[in-house]
Amino acid sequence: MVEIAYLLYLTITLAITIWVARTLSRNGEVFLIQCFGQNETLARSTNHLLVVGFYLVNIGFITLTLSLGNEPTTLTGAMRFLSSKVGLAVLVLGAMHFFNMGAIARFGRKVSGWIEARPFAAHSTRTDGSITR
């Protein structure tokens, strides 16, 4: 019973994490492009970094919570175990999403201002590593 409950917990929460990360990445790219002054390269790079960070934090949280709480010994206990652990993981996923959106909205405007003030396209790198304007 205990092993099945743990396997179900890992399967459900990892599947939800992957689905949420892919959904946010795919649908958030348009938002990032707008935040970063239409710079698609910067937006895609930031999007990828956010996905990696999202996976690291959430998978770390999911695996850490394996050891929390009482182990289920009955079917009812297993259902309570799964609902509380999956529910907590989903709440953390939602909190991560809102944290990321707030950070992107705040820092995206700064980055957009930097890009407008000093566009990357106006610079080129010489073979010796120095930058020309």
Side-chain angles (χ1 to χ4, degrees):
M1 178 69 65
V2 173
E3 293 83 5
I4 292 171
Y6 282 124
L7 285 174
L8 282 172
Y9 166 66
L10 287 173
T11 302
I12 292 167
T13 53
L14 291 176
I16 291 171
T17 298
I18 292 167
W19 175 75
V20 169
R22 287 183 177 173
T23 301
L24 294 177
S25 173
R26 183 176 43 253
N27 296 311
E29 191 169 306
V30 173
F31 177 75
L32 287 173
I33 290 169
Q34 180 66 35
C35 281
F36 294 135
Q38 305 302 317
N39 186 329
E40 291 185 27
T41 304
L42 180 60
R44 285 193 181 105
S45 175
T46 302
N47 197 19
H48 182 74
L49 292 172
L50 286 169
V51 168
V52 170
F54 187 82
Y55 279 134
L56 290 172
V57 169
N58 288 297
I59 291 172
F61 176 80
I62 287 166
T63 56
L64 280 174
T65 58
L66 275 172
S67 64
L68 299 178
N70 297 327
E71 292 184 345
T73 55
T74 64
L75 183 58
T76 304
M79 292 175 71
R80 285 185 181 143
F81 170 87
L82 283 172
S83 66
S84 65
K85 288 201 182 271
V86 170
L88 184 59
V90 169
L91 286 173
V92 169
L93 286 169
M96 284 286 299
H97 171 62
F98 284 112
F99 172 78
N100 285 341
M101 292 298 291
I104 291 166
R106 188 172 351 151
F107 297 120
R109 284 189 289 271
K110 284 184 181 180
V111 171
S112 182
W114 296 337
I115 292 170
E116 290 171 10
R118 192 170 152 180
F120 292 110
H123 304 290
S124 63
T125 305
R126 295 182 183 157
T127 57
D128 66 356
S130 62
I131 299 174
T132 62
R133 293 180 187 213

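Since this is a predicted model, take the numbers as computed values, not measurements. Numbers here are sequence positions counted from 1.
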Val52-Leu32 co-clustered via ILVMFWY side chain contacts under 4.5 Å: no
Once you round to the nearest 0.5 Å, how far does NZ of Lys85 lie from CG of Leu68? 5.0 Å
Hey, quick one: are Met79 and Val90 part of the same hydrophobic cluster, counting side-chain heavy atoms closer than 4.5 Å, chains of contacts allowed? no
Restricting to pairs with a member in residues 42-62, which pass side chain to side chain donor-acceptor pair (under 3.5 Å), not counting sequence neighbours? Ser25-Asn47, Glu29-Arg44, Glu40-Arg44
Point-to-point distance, once rounded to the nearest 0.5 Å, from OG1 of Thr23 to CD1 of Ile18: 11.5 Å
Atom CG of Asn27 with >12 non-hydrogen neighbours under 6.0 angstrom: yes
Taking all non-hydrogen atoms of both residues into account, name the closest pair between Ala78 and Ala5 and its distance. CB-CB, 4.4 Å
With sequence neighbours left out, what residues match Leu82 under side-chain contact (heavy atoms from CB on, under 4.5 Å)? Leu8, Tyr9
The remaining residues in the hydrophobic cluster of Leu7, counting side-chain heavy-atom contacts under 4.5 Å among Ile, Leu, Val, Met, Phe, Trp and Tyr, are none
Please determine whether residues Phe99 and Phe54 belong to a single hydrophobic cluster, defined as Ile, Leu, Val, Met, Phe, Trp and Tyr linked transitively by side-chain heavy-atom distances below 4.5 Å. no
Is it true that Val20 and Leu10 fall in one hydrophobic cluster, defined by side-chain heavy atoms closer than 4.5 Å? yes
For Thr76, side-chain contact (heavy atoms from CB on, under 4.5 Å) partners two or more places apart: Thr74, Arg80
Count I, L, V, M, F, W, Y as connected when their side-chain heavy atoms are under 4.5 Å apart, and connections chain through other members. Are Leu24 and Leu50 then in the same cluster? no
Tested for side chain to side chain contact (heavy atoms under 4.5 Å, CB included) against Thr17, the lone hit among Ile62, Ile12, Val92, Val57 is Ile62
Ser84 meets the side-chain hydrogen bond (donor to acceptor under 3.5 Å, both in side chains) criterion, sequence neighbours left out, with none
Under 4.5 Å between side-chain heavy atoms, chaining through other members, with only Ile, Leu, Val, Met, Phe, Trp and Tyr counted: pull out the rest of the cluster around Leu64, sorted by chain and number. none
When rounded to the nearest 0.5 angstrom, what distance separates OG1 in Thr13 from CG in Leu66? 7.5 Å
Tell me, which pairs form a salt bridge (Lys or Arg N to Asp or Glu O under 4.0 Å) where one or both residues lie in residues 58-67, sequence neighbours left out? none
Taking only residues two or more places apart in sequence, or in another chain, which ones meet Phe81 in a ring pair (Phe, Tyr, Trp, His ring centres under 6.0 Å)? Tyr6
